[in-house]
Amino acid sequence: MNSSTGPLDDLRSAVLAAAAALAEAGPRSTPTLERPRQADFGDLSTNAAMLLAPVLRAAPRDVAGRLGEELTARLGDRLAKVEVAGPGFLNLFLDDAWFGDALRGVLAAGDAFGGGGARAAAERVNVEFVSANPTGPMHVGHARNAAYGDALARILELHGHAVTREFYVNDHGSQVRRFAESIRARARGEDVPEDGYRGDYVTELASLDDGEISLEELGRRGVAAMLERAAATLDRFRVAMDVWYSERSLHDEGKVKHAFDVLAEQGATYTSEGALWLRTTAYGDDKDRVLVRSSGEHTYFASDIAYHQDKRERGFQRLVDVWGADHHGYINRMKAAFEALGGDPAELELLIMQFVQLAAGRMSKRSGEFVTLDDLVDEIGVDAARWFLLHRSHDTTIELDLELAKRESAENPVYYVQYAHARIAGVLAKAGHDEADVAFADRTLPLEPGERALVMKLLAFPGEVAEAADRRAPHRIAAYALELAQEFTAFYRDCRVVGAEVEDFRLALSIATKRTIARALGLLGVSAPDAM
RNA sequence: GCGCCCGUAGCUCAGUGGAUAGAGCGCUUGCCUCCGGAGCAAGAGGUCGCAGGUUCGAAUCCUGCCGGGCGCGCCA
């Protein structure tokens, strides 16, 4: 737990201390400290007095007045002015020196800026995502899952957690057999079976079948080939998995048996109608679930339980699974199973990605019936694709019209953000500044509104990272990056940098902005070019 | 029928108790002697699905409806 992650947190502490001076119990909930919509409401505003009023049984505006006095006593000349406004807001006007120190703080934080604000202790986190079946190419749904899981991992890392990125490989079971049968049929020039795989990619794998090998071996080779493609596609999409975890290995290494033993010890399994069941209803599921079918075959659920038990035994403090919306009906049973294994259900997070809906009538021809991740990257590039997939909340469906996306890619806001970054690089080049020396003298000329606004926006970054991390919401970083770029552009419009009397300050501000844009884009896996 | 997600500007969507609800795209009108015009400024455009409730205060929390998506296998 850090005592301070920046000037905003110092102010927040001062507000809380001032509140505590008025009422020992403090406000009934955490006060806000945020940038008001209107400039004449000050640099920052807090609702602390309104939260305190019921506790003190006093009028909110009176409480605000007293709170302002307490705050003034604590902050001295850093606080240029306080005003009581509206129903009881307290608007804070900060001194120029405060902004100068704040900017120095941003620059001094260097690569750590934005991180270190973890509200909870750092954890070892396993993020399992994509996990596309190795029997077909990855489509846009996997692309969204990949972009989201990877960005979440990057955000959690900056936030201070130790993250493992993991891909669960479904290389076991009937689908692999059907995949092998499909390849063999193509190798022989026959039609694929009724329930087989039909894409051209299956035909392309026909050479794997020399006619001698077993169906099982052919399945292994087919899966290996598909995984190689998946890894290449993900690499191109800037996703680097740490672990590719084989479902088959769970069976081969006795981990399924082990998980069954753990469940049996807890008395959570029973046999009925020739099948082995897990009593998930004891943990909130609507019905019990089969682990071993009466035929003797294990269900997919059995593998998944063993997989999660293995993750627990590998010492992660938090497990995050990123699933597609079509799996949400699976949540209760997985949570139940996790609890039956002895796990704390709070340590298992099952995040559901809503679908990418394809605009009707604009399907890709290449893969037959869907737009693949590779298609998307081919058409609009990694930066635009990742931005498009990440800039909305994961729990809302997004609509993809590939033709429209192509046409509009030049108008994509991601380029606006990148442009701001490149423009700063241009300004620095013109000033002959190498970004090494970011020192600046204390201001004698008053700060311009654009300068104050830009510093404030920079200071908001650590809080945004914390929110994005805690709420598993990378899209907030995209929104922040756009706002920061807009704030810089307004500053750039109003404040001459090169040759200005306060050039040193403005160069330092520009550099801090450039780094923060690059960092925010980096969290999304989007590049920040110096020229475009 | 039950469960999960969604319903906010023409379109795509931010906004999980605070001041006059925002952005991008699209549309209208201006702006290239000016550090990068992939830009800037101004403007039009809203019953925040509907109805109750909680609160000093609700797009936000609760309840019930309506509409859309998805899921309810001894499939994976």
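Letters A, B, ... are given to chains in the order of the sequence lines, protein chains preceding strands, and every chain is numbered from 1.
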Problem set entry | Any pair counted as ring-ring contact (aromatic ring centres under 6.0 Å, His included), so long as it reaches residues 456-477 of chain A, sequence neighbours left out | F113(A)-F461(A), F461(A)-Y480(A)
Detail all sub-3.5 Å separations between protein N/O atoms and N/O atoms belonging to nucleotides 54-60 of chain B.
none

Problem set entry | Which residues share a ring pair (Phe, Tyr, Trp, His ring centres under 6.0 Å) with F260(A), sequence neighbours left out | H298(A)
Problem set entry | Stem segments of RNA chain B by first residue number [Watson-Crick or G-U, under 3.5 Å, at least 3] | B:1-7 with B:66-72, B:10-13 with B:22-25, B:27-31 with B:39-43, B:49-53 with B:61-65
Seminar exercise, completed: Hits for side-chain hydrogen bond (donor to acceptor under 3.5 Å, both in side chains) against S393(A), two or more places apart or cross-chain, chain-then-number order -> D395(A)
Could you list the protein-to-nucleotides 9-15 of chain B atom pairs, N/O on both sides, closer than 3.5 Å?
from	atom 1	to	atom 2	distance (Å)
U12(B)	O2	R392(A)	NH2	3.0
C13(B)	OP1	T397(A)	O	2.6
C13(B)	O2'	R392(A)	NE	2.5
C13(B)	O2'	R392(A)	NH1	2.2
C13(B)	O2'	R392(A)	NH2	3.3
A14(B)	OP1	S393(A)	N	3.0
A14(B)	O3'	H475(A)	NE2	3.4
G15(B)	OP1	H475(A)	NE2	2.9

Seminar exercise, completed: Residues in residues 486-505 of chain A with a heavy atom under 4.0 Å of RNA chain B, by number, are Q486(A), T489(A), Y492(A), R493(A), C495(A), R496(A), V497(A), V498(A)
Seminar exercise, completed: With sequence neighbours left out, the residues meeting side-chain hydrogen bond (donor to acceptor under 3.5 Å, both in side chains) with Y416(A) are T489(A)
Exercise. Quick one: side-chain hydrogen bond (donor to acceptor under 3.5 Å, both in side chains) partners of E435(A), sequence neighbours excluded?
Worked result: K514(A)
Exercise. Is there a residue in residues 31-40 of chain A whose heavy atoms reach under 4.0 Å of RNA chain B, and which residues are they?
Worked result: R37(A), Q38(A)
For this session: Could you run through nucleotides 71-76 of chain B and give me one letter per nucleotide, 5' to 3': B if any protein heavy atom sits under 4.0 Å from the base, S if only the sugar-phosphate is that close, - if neither?
Result: S--BSB
Is there any protein nitrogen or oxygen under 3.5 Å from a nitrogen or oxygen in nucleotides 27-30 of chain B, and what are the pairs?
none

